[in-house]
Enquirer: 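The structure follows.
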Amino acid sequence: MLRYSLRLGAGTSLGWDERVAEHGEELIQVMLHNLLWLDSTTEPVMPVVSDPGFVLINEERIAAVGRGFRRSLKLWLVAAGACSGSTLELRALNAPIYDIERFGIQFVNSPRHADCLLITGPITHAMREPLQRAYIAVPDPKLVIAVGDCTLDGCIFAGAYGLVGSVADVVPVDLLIRGCPPTPRTILNGLLLVIGRVSCEPSRARTPDEGEAALYGL
Amino acid sequence: MITLITLSVHIFQIFLALLVAPFLMGLIHVVQARLQGQRGASILQPYFDIRKWLVKEAFQPMTASWIFLLAPYLLVATLLLGIWLTPLVAIAPPAEFGGDAIMLVYLYLFGTLFLVLAGFESRSHLAILSTGRRLVVFALSSSVLLTSILALALRTGTSDLAGIASYVHANPLIVADPSYLLTMTACVLAMLAEIGGGPLENRRSSSALALIQEAVVREYTGLYLALIRLAEALRLFLFIGLFCSLFLPWGAATDLQLVSLFWGGLILVLKLLVFVVALAIFEMFTTTLHLRHTGLFAGVGFILALLAMIASCFSI
Amino acid sequence: MPSLLPDVLRAIFLVTIVGFASGAILPLAMPRWPQTSVMLAHSLALLGGIGALLLGWAGLRGIMLHIPVFMILPDYSLYLSLTTLGAVFVLLAGLVAIPTAIYALSFDRWSTIPAPHRVALGCCLNLLLLMLTLIPLASNALTFLLFWQLMLVSASILFAAAHAAPHGQRAGLVAMAVGQSGAALLLIGFLLLAGLTGSLDFAVWRTSAPALSLATRNLIFVLFALGFALQSIMLPFHDALSRMHAIEPGHIALFFSALMTRLGLYGFLLIGFDLLGSGPAWWGMAGMLAGAAMSLAGLVFALFEHSLKRLVALVALAQNGVALLGIGAALLLRANGSEAAATMALLAALYHMLASSFWIGLLILGVGVVTCATHSCALDQLGGLIHRMPWTAALFLIGACAGLPLLGGYIGFWLTFQALLTILQSPSPVLLVILVIGMFVFSVGLTLAVFPRMFGLTFLGRPRGDAATRAREAGWAVRIVLLFLALIVVGLGLLPTLALPLFVPVAANFLDQADVLCMTFGSACQIADIRVTSAVFGARSGLAGEIAPLRIALLLGFLLLLALLAPRLLRANRQIRIDAAWNDGRPDPLSSSEAMPTSFVEDYEQPLLALVTQPRLPTLTKPPPPHKFGPITFTHIASRMHPNRLVPSFMKQSRRLAGMLRKLETSSVALHLVYVLLVLIVLLLLAR
């Protein structure tokens, strides 16, 4: 429990400031470079992911659908009872350092315009139906990505009376991004993996069975 | 008579629009991202988006009818018609465009009206809320646009688009004319309101409550959304093109020689690029107005256009 | 053959008159069979309507007809003659009578009106039609005034028959009072003119009235203009008129807006162009200002209106304003000496009048169908009717879009714009004309907000009332009437050059260069485009304006086809999933919580008010109780703006005046003799 709360604190309140302190110089450099049009390439930051930090739950679907979103992926975020930790990290993706839009990934304001459902937070009973509706509202072909450990088992909220349990009981999830909260870099890697812009190291990638097991075992 | 070469000029304009328009949208986003210190999406992003939406499934709300399905097609068709009728590449007298400025405004409204009706059909709270707002903006901005075009028609003595363009082309000194400047300002205000970014709406806001045009099309997906995005790009193309051909027609071909048409097309694209970059920078540095101030915004445009009319009465 | 023509025309005239007159009398003769009487009345109205149509057509082709009807004395006889100007309105009467009669014949679901009332309605309708055909034919003051009075009286009876509810009666009373006030002004005007020229005959006035002094003519013009304006515009009293339009059977409402109020325009044309000769420019300017103000006011009030019927009625009144604007422009241009441009303005007004009779007719009959199907015309109760009544919805949409290009209403707008631009190129009160242009443009812009709101709230979305969920499509005959009207609206928009030359003889009567314009229209007839060349107006050079609706329509159709085929060519995914709308994850909302007219009013009101005042929040009339959920009431400016209060005060004053007059009448012979003596003394003094 202590471990979780520490991580929670690191993710939400301290995380951003720390990162700014750490990357402050980088941030300014990046912004200046972008403003002055100095960059020469639009390749992703990390061509090969070494530490995935995520669980591939439905690899076939990702393989079948994800390539179609290679140059254009629209995200619709559902905070299904989240403490806002993961949500804040997601928001950081829009900032100049991670700059998610250069990969053609964008947050939109209607699920009808989206290709991918991002779910954060432990799923509460109140959000169960809205989440299902949101899943139905996204037009096919679509992907579902759960962000944060708490979507899986509730994490520090585990066992609370208001929780449904696992997100997989509510909607079919394709990818789980681990962490409480996951860092923006992990999320970005997950998204890039889904759309086929980076490849996973074969040894580290888990099979669907392992994914299922990981999902329900935790 | 419509000769073969005139016809090919029209068709060339249509193709140019279909080719260039999404690129302009991409350029707006890239320039804005750069100004925010980001690298931003690829300049070809609108093309990628449209291609992707063509494979996704479309959706129709249960209460919607044929109007919902027809509206995007009609919108694209009316905008293409507007591009067909506007003398963009050439303002040569033999090229009979048959475009009347007053009618062009109304033709554009034809498609938009159907889109608004589709907003009524979509039946989600926010879509309907923004439909009401869209109607207000629509009524006000179309009045301003029409008044400014009437003022220009009065100044140049014709409401024919090619006629206005050739008049301005032949009288470069008109740029120092107060009526011309006032009309231009009013026209810019009206077009800003219609283009759907700028001071009335933050296109990239993720809060659907703050949206006007973007929320009207909230229920469209797939093929229909692709059409609507294409239509937004075409609208940008048409409005900037119309603005260039009415107020800054210099550089457009004055005869139907192949070389001059080529230069006309090139200069048109250059003008479009300059204006799109200017629009992006302007949007970047303006805050969004409150909806209640839409009227003031339009009112300023309206007064300016009426002043332009008075000025042109005295400068004839 | 040519000698036979007047006889044929006379026969047509007789058929028309006999048709309407017998339609008014015969049904009363058989009270036993109300159903048959109603059928008979409307069949006869149909017959009369066809006659009136032919008569009007013949009149516009330039065939004259003079019919002395009833001789009392050589000077005081009823005298009818067919002029080109009158023919326009006879044609209109016929054009409106035909769909009205078919609609009434096929309309079998008048559940709210008892059979005797229906017989009375049918009779009054015929009587009114008779009067509306005869008034434009009247060629002396006596005839005109007699028929005018009869028209007002039959309209009141019609109104009383249609409306049993007290508030309806009251609206009828107000309309009657307004009409009679107008008639009183007309009477004074006619007497003045008769006294000054020494004749009651219009033909004599035409020659001798232009010789009168300017001040006299101004006075007469003001009297007539006010009198006719009360009939056709009724600016402060439009509320009563819109109530009057909102009566139950749709076709009667059509009648009021498409014909009765139009007669005011006829009077305005008669007095401005025909009888008084060429007047000063301010006549036209006044007409333009009144027209523009009316069209703007009508649409602003329509924007805030919650009842479908009154909304359409207000839009119809606004169209009268547009026509009046055109007539005013024509008067002004004639006074300035640019006759060809005046012709264009006049044609614009007449064309708009013709086209708007059809599309307003389409709207009004459509509203009638909706009202019958749902028993409600409150926008709050409607919605979602497009699924239950697809035909009505599609045809209604054509009526609602009529102001846009390619449809009938647009040609009038376009020609009016061109005429207004021409006015500014000649010496004129620039600021006032620009004010008029501003109001006109804004009212056209408002039309674009009014119609989607009207159509969207009525036909789209989901039904908000129980009745709307059970609505049934109208019968096939009604649908055919609507289709017929819609086809005419489309036809008038696509082929304006077929109908425009029809009105050229009217203009040629009063204006010199009309035939030049006629040639311009004629030459372009093949490709159905209108060219307004500045050569005609003597402006600088080149083309002043050109529209080619048919060509544009074909092009639009082609591009639409291309857009429809493109997904097929690009192999797009054309699968469509039908599902509930996305409501932010909430279940399907209650039907009462979706788009309500009131929510739209709020959206309109604030930005529009911001044009004139500082934008501000709606005021809370009753603050909500603290820490409790409860209804919150807001006050809208629009509800305060409505000039409802004007009508009661007008009624009160007129009633007081009537009371005072009644005191003079004591049924004492002696007093009457005293009156006679007094009148004699006054007359003698005047005669001296």
Side-chain angles (χ1 to χ4, degrees), chain B residues 54-63 65 73-74 76-78 80-81 84 98 100 102-103 106-107 109-110 113 116-117 120-125 128 132-133 135-136 138-140 142-143 146-147 150 153-154 157-160 163 219 222-223 292-296 299 306 309-310 313 316, chain C residues 384 386-387 404-405 410 414 417 421 424 430 434 437-438 441-442 445-446 448-449 452-453 455-456 460-462 534 539-540 542-548 551 555-556 559-560 563-564 567 570 572-583 594-595 599-600 603-604 606-608 610-611 615:
Chain B
L54 286 180
V55 270
K56 295 205 73 166
E57 80 177 334
F59 164 84
Q60 182 190 1
M62 266 189 284
T63 47
S65 62
Y73 290 111
L74 201 60
V76 170
T78 49
L80 285 180
L81 181 60
W84 177 291
D100 185 82
I102 306 171
M103 189 176 68
Y106 279 94
L107 267 180
L109 296 175
F110 208 116
L113 188 107
V116 170
L117 287 179
F120 271 100
E121 291 220 288
S122 52
R123 268 210 59 239
S124 71
H125 287 307
I128 285 179
R133 296 173 184 170
L135 273 178
V136 179
F138 179 58
L140 292 175
S142 65
S143 308
L146 192 60
T147 322
L150 283 177
L154 189 64
T158 168
S159 67
D160 184 63
E219 292 290 321
L223 168 63
R292 292 182 198 287
H293 293 93
T294 317
L296 279 180
L306 290 181
M309 226 180 250
I310 296 172
C313 276
I316 285 172
Chain C
I386 195 167
H387 300 286
L404 289 171
Y410 177 70
W414 189 80
F417 275 130
L421 286 182
L424 283 178
V430 170
I434 285 175
I437 291 181
V441 167
F442 196 49
L446 281 184
L448 296 172
R453 172 177 177 265
F455 184 78
L460 304 181
R462 201 166 62 166
S534 37
R540 269 160 303 181
L543 203 65
E546 176 194 5
I547 45 171
R551 217 161 40 157
L555 204 55
L556 182 64
L559 290 171
L560 188 61
L564 285 168
L570 294 172
N573 183 355
R574 282 180 292 123
Q575 226 175 353
I576 296 176
R577 177 153 60 100
I578 296 177
D579 199 359
W582 170 248
N583 267 304
E594 66 167 37
S599 60
F600 276 84
D603 269 336
Y604 287 132
Q606 292 300 330
L608 287 184
L611 285 177

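Reminder, nothing fancy here: chain letters follow the sequence lines and each chain counts from 1. Scope of the values below: all heavy atoms of this structure, side chains included, with no hydrogens, waters or symmetry mates. Keep in mind that what you see is a predicted model, and the values were worked out from it rather than measured.
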Enquirer: Just verifying a value: how many Å separate C/I578 CD1 and B/M62 CE, rounded to the nearest 0.5 Å?
Expert: 9.5 Å
Enquirer: Measure across C/G445 and B/S143 and return the closest heavy-atom pair with its distance rounded to 0.1 Å.
Expert: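 Here C/G445 and B/S143 meet closest at CA-OG, 3.6 Å.
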Enquirer: Is it the backbone or the side chain of C/V441 that comes under 4.5 Å from a heavy atom of chain B, or both, or neither?
Expert: both
Enquirer: With a 4.5 angstrom heavy-atom cut-off, is it the side chain or the backbone of C/L570 that approaches chain B, or both, or neither?
Expert: side chain
Enquirer: Is the side chain of C/H387 donor-acceptor paired with the backbone N or O of B/S65 at a distance under 3.5 Å, no angle test?
Expert: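 Side chain of C/H387 to backbone of B/S65: no pair is present.
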Enquirer: Heavy-atom cut-off 4.5 Å, strictly under: side chain, backbone, both or neither for B/S142 against chain C?
Expert: side chain
Enquirer: Below 4.5 Å, heavy-atom pairs only: which of C/L404, C/I576, C/V430 has the largest tally toward chain B?
Expert: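 The option with the most such pairs is C/I576.
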Enquirer: Which bit of C/I434 comes within less than 4.5 Å of chain B, counting heavy atoms only: side chain, backbone, both or neither?
Expert: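 Interface part for C/I434: both.
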Enquirer: If you look at every heavy atom in B/S159 and C/W414, which pair is closest and at what distance?
Expert: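 Scanning both residues, the minimum pair turns out to be OG-CZ2, 4.5 Å.
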Enquirer: Which residues satisfy the side chain to side chain donor-acceptor pair (under 3.5 Å) test with C/R577, sequence neighbours excluded?
Expert: B/E57, C/D579
Enquirer: Determine the minimum heavy-atom distance between B/F120 and C/P452, stating which atoms define it.
Expert: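 So the minimum-distance heavy-atom pair works out to CE1-O, 3.6 Å.
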Enquirer: Measuring heavy-atom distances to chain C, does B/L113 have an atom under 4.5 Å in its side chain, in its backbone, in both, or in neither?
Expert: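 Side chain only.
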Enquirer: For the candidates B/V76, B/L117, B/L74, which exhibits the highest count of non-hydrogen atom pairs separated by less than 4.5 Å from chain C?
Expert: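 Of B/V76, B/L117, B/L74, B/L117 has the most heavy-atom pairs under 4.5 Å with chain C.
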Enquirer: Under a 4.5 Å heavy-atom cutoff, which of C/P405, C/A563, C/A572, C/G384 has the most pairs with chain B?
Expert: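 Of C/P405, C/A563, C/A572, C/G384, C/P405 has the most heavy-atom pairs under 4.5 Å with chain B.
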Enquirer: Write down the atom of C/L421, the atom of B/A153, and the distance for their closest heavy-atom approach.
Expert: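 It is CD1-CB, 3.9 Å.
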Enquirer: What closest approach, in Å, do C/L424 and B/C313 show between heavy atoms, and which atom pair accounts for it?
Expert: CD2-SG, 3.6 Å
Enquirer: Give, as side chain, backbone, both or neither, the part of B/F110 having an atom under 4.5 angstrom from any heavy atom of chain C.
Expert: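 Both parts, backbone and side chain.
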Enquirer: Test C/L556 against B/T78 for side-chain contact (heavy atoms from CB on, under 4.5 Å), laying out the working first.
Expert: CA-CA 7 Å; C/L556 182 64; B/T78 49; 3.9 Å; yes
Enquirer: Between B/F59 and C/A581, what is the shortest heavy-atom contact and its length?
Expert: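 Smallest heavy-atom distance, with atoms named: CZ-CA, 4.5 Å.
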Enquirer: Quick one: ring-ring contact (aromatic ring centres under 6.0 Å, His included) partners of B/Y106, sequence neighbours excluded?
Expert: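 For B/Y106 the ring-ring contact (aromatic ring centres under 6.0 Å, His included) partners, ignoring immediate neighbours, are C/Y410.
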